[in-house]
Amino acid sequence: MRVPQSAPPGRIVLDAAGVGRALARVAHEVVERNKGTADLGIIGIRSRGDHLALRLQHEIRKLEGENVPFGAMDITLYRDDITRGADHAVIKSTEIPWEVDGKTILLVDDVLFTGRTIRAALDALMDFGRPRAIQLAVLVDRGHRELPIRADYVGKNLPTQHSEKVQVRLREDDGIDEVAIMPPTAASAAGDARGGARPARRA
Amino acid sequence: MFERRHLLGLEGLSAEEITFLLDTSESFREVSEREIKKVPTLRGRTIVNLFYENSTRTRTSFEIAAKRLSADTINLSASSSSAQKGETLTDTARNLAAMRPDAIIVRHPSSGAPHLLARHVDCPIINGGDGAHEHPTQALLDLLTIRSHKGQIEGLTVAIVGDLLHSRVARSNLFGLRTMGARVRFVGPPTLVPPHFAELGAELVSDLHEGLRDADVIMMLRIQRERMNGRYFSSLDEYSRLYCLSVEAVGKARKDVIILHPGPMNRGVEISSTVADGPYSVIMDQVTNGVAVRMAALYVLVGRRRGTEAAGEDVPAEPVPLRRAVAAE
């Protein structure tokens with residue numbers, strides 16, 4: 001399912017340095033808004049949100065010297081549109097090895113689009129306990145929300161057309177940090193294209 | 001990926017299909033460890049448990065699995081159903097189908113009953129055990145238990161001991177284990193290990209200690225007392241003297257052997273209490289894995305959007321004759 005390195009890149013809107021700066025800024029904002037890291041926990045939405053969450057944990061440690069508890073969630077079972085597409089047929093593990101009760105949870109995903117993934121993630125999180133608050137951090141907000149959901153921290157606001165695809169590639173999975181806008185046809189052909197092209201992200 | 005419409009048996013499934021089911025099951029184990037053991041995946045779906053044979057473990061396991069996926073479950077047993085009033089299986093199936101269930105789990109004393117059902121209803125059928133033929137979810141949970149403890153299945157030697165002749169668990173395991181690359185030994189008295197099993201890829205051994213030599217996995221089968229009226233061996237006592245899994249017999253196997261039993265156990269007949277409760281026993285893991293495997297089967301077969309169901313028919317026209325075996329029993 002990986003997009004080969006040789007795939008036509010589309011229009012690159014965030015390169016490796018850009019991704020790094022965006023995450024560093026978001027980490028500062030998180031620490032500022034929460035006045036430190038007390039009772040904070042970070043949970044990334046698989047796949048790719050978990051990588052970003054780990055990087056944010058690292059950035060926050062650089063600022064505050066504290067290791068914020070980290071977890072990862074697969075929200076396939078909470079989707080409103082379960083299908084048999086190859087992308088989400090395999091359920092990955094959910095690992096939150098600490099109590100969410102009373103914590104402020106920083107939920108992390110790569111692309112905020114319709115809001116349906118976040119809706120599912122909120123439901124999933126509630127089944128693990130009762131957080132004091134949930135905040136949302138995304139690398140890219142591309143608009144076109146279908147639910148009343150917004151992000152608290154945004155790496156980059158990206159105006160897009162609904163038909164375009166936003167492709168996030170991260171070095172953990174893809175060997176490179178890069179966000180690109182793909183014309184609809186090319187991205188569909190590539191078969192992955194997180195954010196836009198995952199059928200699950202659309203209504 | 002698993003593109004089939006039904007789960008009728010492990011015979012004919014590819015290693016990729018089995019691996020996909022096991023991987024999915026593994027992910028579901030975590031749901032059962034949560035405080036709230038329920039996910040909304042199959043909300044609004046209806047699962048029918050149609051059981052023509054007594055079963056506590058399998059039926060409960062399927063019911064818990066369905067409920068943890070938020071499906072509605074209905075249990076029908078032969079004693080309370082219209083089968084008592086003379087209705088045929090096909091008519092029962094058609095009537096059930098008219099109520100639009102999303103899956104039917106069927107257990108039946110006749111081999112091939114789920115296959116028959118699959119040809120008459122348009123929802124997925126899961127075989128919960130048919131005659132002496134197959135019991136796919138039991139074999140999948142055994143495979144999952146073995147894989148979790150051993151890391152992989154390929155290359156292992158698995159000894160299956162007891163009443164092989166009547167055992168659908170043994171048949172499903174044989175198909176699954178062979179496909180995954182394990183060596184399978186069938187160990188038991190010649191009256192209960194007919195020679196044609198060799199054609200299915202099992203090694204046949206009649207001496208218990210020889211059969212257990214260097215085994216990585218020992219799978220004990222229940223001796224079905226109701227079937228053992230002196231026809232296959234002269235007495236239960238004689239059987240347990242020769243085939244009861246004692247501490248001494250376990251010593252013939254590899255040091256890191258694990259012992260499985262599909263339950264219910266006859267302590268002192270096919271397995272000694274010391275062994276059943278001993279450190280090698282993974283019997284309780286099997287029960288836990290059973291729920292995960294059944295959640296995975298339901299998720300894979302039912303958790304798909306309407307209209308995207310697999311078009312390919314995977315129902316054989318008639319049950320394959322090799323397992324005519326003991327339907328007449």
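Computed from a predicted structure; not experimentally measured. Residue numbering restarts at 1 for every chain, and letters A, B, ... go by the order of the sequence lines.
Proximity to chain B at a heavy-atom threshold of 4.5 Å picks out nothing from residues 34-41 of chain A.
When the side chain to side chain contact (heavy atoms under 4.5 Å, CB included) test is applied to S32(B), the partners found at least two apart in sequence or on another chain are R68(B), V291(B), M295(B). When the side chain to side chain donor-acceptor pair (under 3.5 Å) test is applied to R168(B), the partners found at least two apart in sequence or on another chain are E53(B). Scored by the side chain to side chain contact (heavy atoms under 4.5 Å, CB included) test, T288(B) finds no partners at all (sequence neighbours excluded).
Interface remark: E30(B) contributes side-chain atoms only to the contact with chain A (heavy atom separation under 4.5 Å). There is no contact between K37(B) and chain A, counting heavy-atom distances below 4.5 Å.
Under a 4.0 Å N-O distance rule, the pair E134(B)/R171(B) does not qualify as a salt bridge.
The shortest side-chain heavy-atom distance between R116(A) and R79(A) does not fall under the 4.5 Å cut-off. Residues T46(B) and M99(B) are not in side-chain contact: their nearest non-hydrogen atoms beyond the backbone lie 4.5 Å or more apart.
Heavy atoms only, all atoms of each residue included: R169(A) and D174(A) are closest at CA-OD2, 3.3 Å.
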